[in-house]
Visitor: 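Quick one: the structure is below, and I'll ask about it shortly.
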Amino acid sequence: MVFKIRTSQKTADIFNKMNASINYAPFTLSKLAISMSLKSGKPLQGADYETDSLGLELNRQTITGEWDILYKCLVELFEGRHIDDDEYFQKYLKAHLDRGAKMIYSEFQYNSDFLLALLSDKTGI
């Protein structure tokens, strides 16, 4: 079982910019990113799986913690099938994390109240 993943360099850059401004740690931003990606309802595309691994190294426990089973169930519901444990973390969770980072960064850039925008009914988590 794999316990660590590396984000893409773009995700690391996004998290660093956001952390410098609003002081949210990468583990917090990763949870928000995964949630935004899942909530979008848009299927993952080939490019979502083909990101680099040159960014931040994150531990599974840090990202999903005691809610790991819930995250896995949400990803399986999103995909509509059972997913192997390693495939879930290395492939799907990483893809949602990298895609979701772009989504939360967009909300961060264009909304004066970042958290309120994320919690709104239209685009929020």
Visitor: Using a strict threshold of under 4.0 Å (side-chain N to carboxylate O), is an ion pair present between Asp68 and Lys72?
Guide: no

Visitor: Using a 6.0 Å cut-off, check whether atom CG of Leu77 has over 12 heavy atoms from anything other than its own residue.
Guide: yes

Visitor: Start with the C-alpha distance between Thr64 and Leu93, add both sets of side-chain angles, then the distance that settles side chain to side chain contact (heavy atoms under 4.5 Å, CB included), and finish with yes or no.
Guide: CA-CA 10 Å; Thr64 60; Leu93 204 69; 3.8 Å; yes

Visitor: Is Lys31 close to Trp67 at the side-chain level, that is, under 4.5 Å between some pair of heavy atoms?
Guide: no

Visitor: Less than 4.5 Å apart, side chain to side chain, heavy atoms only: is that true for Glu76 and His82?
Guide: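 Yes - at least one pair of side-chain heavy atoms lies under 4.5 Å apart.
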
Visitor: Does a sphere of radius 6.0 Å around NZ in Lys91 hold more than 12 heavy atoms from other residues, nucleotides or ligands, not counting ones at 6.0 Å or beyond?
Guide: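 Count over threshold, so yes.
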
Visitor: Compare every heavy atom of Leu58 with every heavy atom of Ile63, then report the nearest pair and how far apart it is.
Guide: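 For Ile63 and Leu58, the tightest heavy-atom pair comes out as CD1-CB, 3.6 Å.
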
Visitor: Given the rule in the side chain to side chain contact (heavy atoms under 4.5 Å, CB included) test, do Phe15 and Leu56 qualify, once you have shown the distances and angles that lead to the verdict?
Guide: CA-CA 9 Å; Phe15 285 1; Leu56 302 170; 3.9 Å; yes

Visitor: What's the shortest heavy-atom distance between Ala12 and Gly55, and which atoms?
Guide: CB-CA, 3.7 Å

Visitor: Can you tell me if Thr11 and Ser8 form a side-chain donor-acceptor pair at under 3.5 Å?
Guide: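 Yes, side-chain donor-acceptor contact under 3.5 Å.
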
Visitor: Can you tell me how far the OG atom of Ser37 sits from the NZ atom of Lys42, to the nearest 0.5 Å?
Guide: 10.0 Å

Visitor: First locate atom CD of Glu66, then atom OH of Tyr71, and finally report the distance between them rounded to the nearest 0.5 Å.
Guide: 10.5 Å

Visitor: Run through Leu97, Asp98, Thr7 and flag the one making a side-chain contact (heavy atoms from CB on, under 4.5 Å) with Thr51.
Guide: Asp98

Visitor: So Met103 and Arg99, do their side chains get closer than 4.5 Å, heavy atoms only?
Guide: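 A side-chain contact under 4.5 Å exists here.
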
Visitor: Would you say Met18 and Phe27 are hydrophobically clustered, going by side-chain heavy atoms of ILVMFWY under 4.5 Å?
Guide: no

Visitor: To the nearest 0.5 Å, tell me how far Leu70 CG sits from Leu74 CG.
Guide: 4.5 Å

Visitor: Determine, using the 4.5 Å side-chain heavy-atom cutoff (strictly less than), whether Leu54 and Tyr49 are members of one ILVMFWY cluster.
Guide: no

Visitor: Measuring from atom CD1 of Ile104 to atom CD of Gln109, what distance do you get when rounded to the nearest 0.5 angstrom?
Guide: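 Separation between the atoms: 11.5 Å.
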
Visitor: Hey, are Asp48 and Lys102 close enough for a salt bridge, meaning a charged N less than 4.0 Å from a carboxylate O?
Guide: no

Visitor: Do Lys94's NZ or CZ and the ring of Phe89 fall within the cation-pi criteria of under 6.0 Å and 45°?
Guide: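 No, cation not above the ring by the 6.0 Å, 45° rule.
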
Visitor: Say whether, by atom type as modelled, one donor and one acceptor occur between the side chain of Gln90 and the main chain of Tyr88 under 3.5 angstrom.
Guide: no

Visitor: Any idea which heavy atoms bring Phe108 and Ile22 closest together, and the distance?
Guide: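 Reported closest heavy-atom pair: CE1-CG2, 3.6 Å.
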
Visitor: Roughly how far, to the nearest 0.5 Å, is the NZ atom of Lys17 from the CG atom of Leu29?
Guide: 13.5 Å

Visitor: Between Arg81 and Glu87, is there a side-chain N and carboxylate O pair less than 4.0 Å apart?
Guide: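 A salt bridge is present here (some side-chain N lies under 4.0 Å from a carboxylate O).
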
Visitor: Would you indicate whether the side-chain heavy atoms of Leu44 and Glu79 approach each other to under 4.5 Å?
Guide: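 A side-chain contact under 4.5 Å exists here.
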
Visitor: First locate atom OH of Tyr24, then atom CG of Leu32, and finally report the distance between them rounded to the nearest 0.5 Å.
Guide: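 That separation rounds to 8.0 Å.
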
